[in-house]
Amino acid sequence: MKKDFLALSDWSREELEQIFELTRELKEKQKRGEEHHLLKGKTLGMIFEKSSTRTRVSFEVGMFQLGGHALFLHSGTTQLGRGEPIKDTGRVMSRYVDGIMIRTFSQEGVEELARCSDIPVINGLTDKYHPCQIMADIFTVIEHKGAFKDLAYCWIGDGNNMANSWINAAAIFGFELRVATPEGYEPDADVVARAEKLGAKILYTHDPAEAARGAHVLNTDVWASMGQEEEQQEREKAFTGFQLNSDIVQVADPACIVLHCLPAHRGEEITDEVIEGPHSVVFDEAENRLHVQKAIMATLMS
Ligand code: CP
Ligand code: NVA
């Protein structure tokens with residue numbers, strides 16, 4: 001039976017660890033220049049209803065490195081953008097390609113696409129989750145810290161798709177997570193409730209310093225995500241004090257690492273000093289999107 005990659009919560013810890021194992025192998029092969037054509041002759045359709053740099057480039061390059069091919073389909077230039085139902089799109093694409101990656105607004109839309117497609121569907125970001133990014137983030141932590149389950153993770157900022165994904169990850173892997181958001185910008189209640197049910201070790205606070213104290217991994221994201229541009233000014237006010245800056249780094253573990261999924265708004269959610277500073281691993285993190293997604297595609301599509 002085909003499997004999709006729509007949310008971390010659909011996967012077991014063991015399955016995700018196997019993806020990390022394959023990521024390591026594929027990254028080493030790519031660095032040594034060894035062929036690793038696990039998806040020779042296969043094609044990935046990439047549907048974008050939002051902008052992207054990393055996701056688009058890393059999936060396209062990843063398919064090429066795996067011996068396959070990727071098609072960039074911007075919704076504005078497809079019939080999907082003119083109102084063709086998602087279920088027809090999924091059925092038609094299933095006749096042409098071997099997998100679909102989609103970046104869109106609603107998680108339900110991605111789930112519907114997966115239900116009506118005979119081929120694996122990968123979530124390349126929705127308003128609710130960004131599962132490929134979280135996999136790259138954790139892989140980056142493993143590379144820099146050697147292990148990841150005994151560390152304390154800190155999220156500062158919006159309770160958005162990245163925060164929701166971190167909560168899923170904390171519930172699956174059992175690591176300690178502290179989430180600091182302004183009031184009214186907490187993560188999705190159903191995601192929080194599900195993690196609680198699974199016994200996740202998560203602290204929710206409105207105090208960034210409390211979340212950061214002694215933390216090994218500091219992480220933030222933009223205050224206004226794609227689709228929330230008109231809320232930018234209102235959010236700038238609400239998020240005052242929720243910046244990942246050197247004061248926050250000071251209270252964290254001295255050997256902490258700083259993550260940001262990018263793109264960053266320097267001077268808003270993170271300072272230039274921190275993103276360029278010695279704790280920042282954001283460009284390794286961005287690179288790892290490529291390696292992790294190759295492992296995800298090979299797992300689903302070969
Ligand atoms: N982090 C991330 O998904 O980047 P893009 O929006 O550039 O794809
Ligand atoms: N939260 C951001 C992540 C971008 C990769 C957004 O959804 O725009």
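Whatever order the structure lists ligands and atoms in, that order sets their numbers, starting from 1.
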> Where's the contact between Gln133 and ligand 1, heavy-atom distance under 4.0 Å: side chain, backbone, both or neither?
Replying inline: side chain

> When the aromatic ring centroids of Trp11 and Phe5 are compared, is their separation below 6.0 Å?
Replying inline: yes

> Around atom NZ of Lys87, are there more than 12 heavy atoms of other residues, nucleotides or ligands at under 6.0 Å?
Replying inline: no

> Between the side chains of Asn160 and Lys128, is a donor N or O closer than 3.5 angstrom to an acceptor N or O?
Replying inline: no

>> So, regarding Cys261 and ligand 1 (criterion: nitrogen or oxygen to nitrogen or oxygen, under 3.5 Å), is there a contact or not?
In response: yes

> Out of curiosity, is Arg56 lining ligand 1, as in a heavy atom under 4.0 Å away?
Replying inline: no

>> Checking His69 against Lys42: is there a side-chain donor and acceptor pair closer than 3.5 Å?
In response: no

> Mind checking whether Lys50 has a heavy atom under 4.0 Å from ligand 1?
Replying inline: no

> Is the count of non-hydrogen atoms from other residues, nucleotides or ligands lying under 6.0 Å from Glu276 atom CD greater than 12?
Replying inline: yes

> Are any side-chain N or O atoms of Glu210 and backbone N or O atoms of Asp207, one a donor and one an acceptor, separated by less than 3.5 Å?
Replying inline: no

> Do the ring centers of Tyr185 and Phe239 come within less than 6.0 Å of each other?
Replying inline: yes

> Under 3.5 Å, is there a donor-acceptor pair linking the side chains of Ser58 and Gln293?
Replying inline: yes

>> Within the supplied structure, the quantity of interest is the number of heavy atoms (other residues, nucleotides, ligands) at a distance under 6.0 Å from Asp150 CG; does it exceed 12?
In response: no

> Backbone, side chain, both or neither: what part of Leu262 comes under 4.0 angstrom of ligand 1, heavy atoms only?
Replying inline: backbone

> Is there a donor in the side chain of Arg289 and an acceptor in the side chain of Thr55, or the other way round, less than 3.5 Å apart?
Replying inline: yes

>> Just to confirm my output: which protein heavy-atom neighbour is closest to atom 6 (O) of ligand 1, and how far is it?
In response: Arg103 NH1, 2.8 Å

Starting from the N and O atoms of ligand 2, find every protein N or O within less than 3.5 Å and list the pair with its distance.
| residue | atom | partner | partner atom | Å |
| --- | --- | --- | --- | --- |
| ligand 2 | 1 (N) | Asn160 | ND2 | 3.4 |
| ligand 2 | 1 (N) | Asn161 | OD1 | 2.9 |
| ligand 2 | 1 (N) | Asp221 | OD2 | 2.6 |
| ligand 2 | 1 (N) | Ser225 | OG | 2.7 |
| ligand 2 | 7 (O) | Asn161 | ND2 | 2.8 |
| ligand 2 | 7 (O) | Ser225 | OG | 3.4 |
| ligand 2 | 8 (O) | Met226 | N | 2.8 |

> For atom 4 (O) of ligand 1, what is the nearest protein heavy atom, given as residue, atom name and distance?
Replying inline: Arg54 NE, 2.8 Å

> Thr53 heavy atoms, cut-off 4.0 Å: which ligand 1 atoms fall inside?
Replying inline: 5 (P), 7 (O), 8 (O)

> Got the closest protein heavy atom to atom 2 (C) of ligand 1, with its distance?
Replying inline: Arg289 NH1, 3.2 Å

